[in-house]
2 protein chains.
Amino acid sequence: MPYSNLETRKFKNISIAELAFPAREGGYSKGHETREQILSAALHLLVEEGYGALTMRRIAAACGLRIGNLTYHFATREELIRALLDALIRAYEIEFDAILQFTDELPEERLAEVCGLILEDIRTKKTTHVFPELWALANHDRFVLERVQELYTRARRSLLDIVAEMRPDLDPQGRENLALFISASMEGLTVFAGYEKPFEGQMGELERIAIQSFLQIVKTYRRTQT
Amino acid sequence: MPYSNLETRKFKNISIAELAFPAREGGYSKGHETREQILSAALHLLVEEGYGALTMRRIAAACGLRIGNLTYHFATREELIRALLDALIRAYEIEFDAILQFTDELPEERLAEVCGLILEDIRTKKTTHVFPELWALANHDRFVLERVQELYTRARRSLLDIVAEMRPDLDPQGRENLALFISASMEGLTVFAGYEKPFEGQMGELERIAIQSFLQIVKTYRRTQT
DNA sequence: AATAAAGCTTGTCAAGTGTCCTAATTTGGA
DNA sequence: TCCAAATTAGGACACTTGACAAGCTTTATT
């Protein structure tokens, strides 16, 4: 059990843990606690003020630490930020893995539920603020790019299962692309109907449009031979 | 004519000008030239290295200028960045306004063309790299948020016209949301199938999926009364 | 109580940041 | 040609940044 410390977890009403901290090993418990407080403070800073606010001093101040102490736990800023992004992304991965456990008989219902959860998550301040930062970072940092794409691979897993069940006739590449399109469609709504965005209030109808649209395209899509 | 200096413009094969510089007024022509070179260098830096690389010194170095000269043209960094983002966004707005001129008889064909152009643009390095930065900035800078949303309002305009023609029975709010969903869906693909992204090579099939899906949902969507 | 490891404080360092100021140089019209 | 305005150069300022080192305090274990 490499990772632990998740907070709550309710079936079909999943609340994402803020961060999934790596398993504690070695050192005193006090050290681990401050280590986790550092990452929590850094996440808070990232969400509230953006990536540019993630300086060693601001992170230290945000959790009442001296800079020297901060560099004791994370020798470099790079190391700290990697740990932060890893714990952050891992928390999402755990959520998506939980979604895989859905057991509705009809794939149509599962699709609606999965999309409902994702679109609900998109409206949270954390997700609305963090993911654009990740996308921007991914453009110039291979580590972030691979880590984010790994996350999305897991996120597509449940969509892929549903598509496969609904369309056993379709070849794997076509199914992959259908799941990818559905996932990307929802991610795109972040910028428009996410937390405090202009169309936040329209998310209800947008969700109906999205789900209806996704069901249709999955049912009817015919791959054209290239 | 407040803005000028666009480069090329071919009907239905639109290439976006890098930046749409504000009209020159007052001062020598040399001053305007360096001003534009500064913004071009800043854009290049933004695309190649991200927002974090936009420091006064790096921008100055990128166009062979001394910092003193840079601050003569743009007294503050804030002022420079605002000018950059404005010229950048304005270039996109000009493109979207041009799309409005499409005159195909069938709205279905216009939809396919508009989406084709947008998805083509998404695959460029500039768009793939710049927009995530804008989305991230918009979360903590009201100026950027409003400017970006203003851009998207124009981008949706052509989609809205098409939807209105295809669905005169639908109420305005429903049409707005359909256009919004279509626009957001395509934006979401940036992260997955944009420039040098993992599924860049799948953009062809993704485009077919998207257009087929958009046509279906526009044709069949029934707004549920709330 | 002793002790070694872990945790933390304090101070310092060079490098980088935005901004400002003064003096030189260039420009374009009179 | 000349000159005032526009532009450029160069340097300086106060401040922040990440990183480091030497010493002090706390912790857990024997």
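As the structure is a prediction and not an experimental result, all values here were calculated from the model. In the text below, chain A, chain B and the rest are named by the order of the sequence lines, each starting its count at 1.
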Take the protein atom CD1 of Ile67(A) and the nucleotide atom P of dT17(D), then report the distance between them rounded to whole Å.
10 Å
Result for 5'-nearest mapping on DNA chain D, choosing between Gly26(B) and Arg57(B), is Gly26(B)
Roughly, in whole Å, what's the span from CD in Glu78(A) to P in dT17(D)?
18 Å
Look at all strands and tell whether Thr55(A) reaches a base, only sugar-phosphate, or nothing, counting heavy atoms closer than 4.0 Å.
sugar-phosphate
Is the side chain of His73(B) donor-acceptor paired with the backbone N or O of Glu36(B) at a distance under 3.5 Å, no angle test?
no
Lys126(B) to Tyr92(B) six-membered ring, cation-pi geometry met (6.0 Å, 45°):
yes
In terms of the nearest nucleotide of DNA chain C, which residue is placed more toward the 5' end: Tyr72(A) or Leu65(A)?
Tyr72(A)
Might you point out which heavy atoms bring Thr128(A) and Ile122(A) nearest each other, and give the distance in Å?
OG1-O, 2.6 Å
Between P on dC20(C) and CZ on Phe74(B), what's the gap in Å once rounded to a whole number?
16 Å
Measure from CG on Leu45(B) to P on dT17(C) and round the result to the nearest Å.
11 Å
Distance, rounded to the nearest Å, where Asn69(B) contributes CG and dT26(C) contributes P
13 Å
At under 4.0 Å between heavy atoms, what does Gly31(B) touch on the DNA or RNA strands: base, sugar-phosphate, or nothing?
sugar-phosphate
Taken to the nearest whole Å, CD/Gln37(B) to C1'/dT8(D) is 14 Å
Is the number of heavy atoms from other residues, nucleotides or ligands under 6.0 Å of His44(B) NE2 greater than 12?
no
Glu48(A): salt bridge (Lys or Arg N to Asp or Glu O under 4.0 Å) partners, not counting sequence neighbours:
Lys125(A)
Whole-Å distance, His32(A) NE2 to dC8(C) P, equals 12 Å
Starting from C1' on dT9(C), measure out to NE2 on His73(A) and report it in whole angstrom.
12 Å
Just to be sure I understand the rule, does Arg66(A) reach a base, reach only the sugar-phosphate, or reach nothing, if contact means heavy atoms closer than 4.0 Å?
base
dT27(D) base / Tyr28(A) side chain donor-acceptor hit below 3.5 Å:
yes
Examine dC8(C): is either OP1 or OP2 under 4.0 Å from a nitrogen or oxygen in the side chain of Thr34(A)? Give yes or no.
yes
Among the candidates dT19(C), dG18(D), dC8(C), find the nucleotide nearest to the side-chain atoms of Lys30(A).
dC8(C)
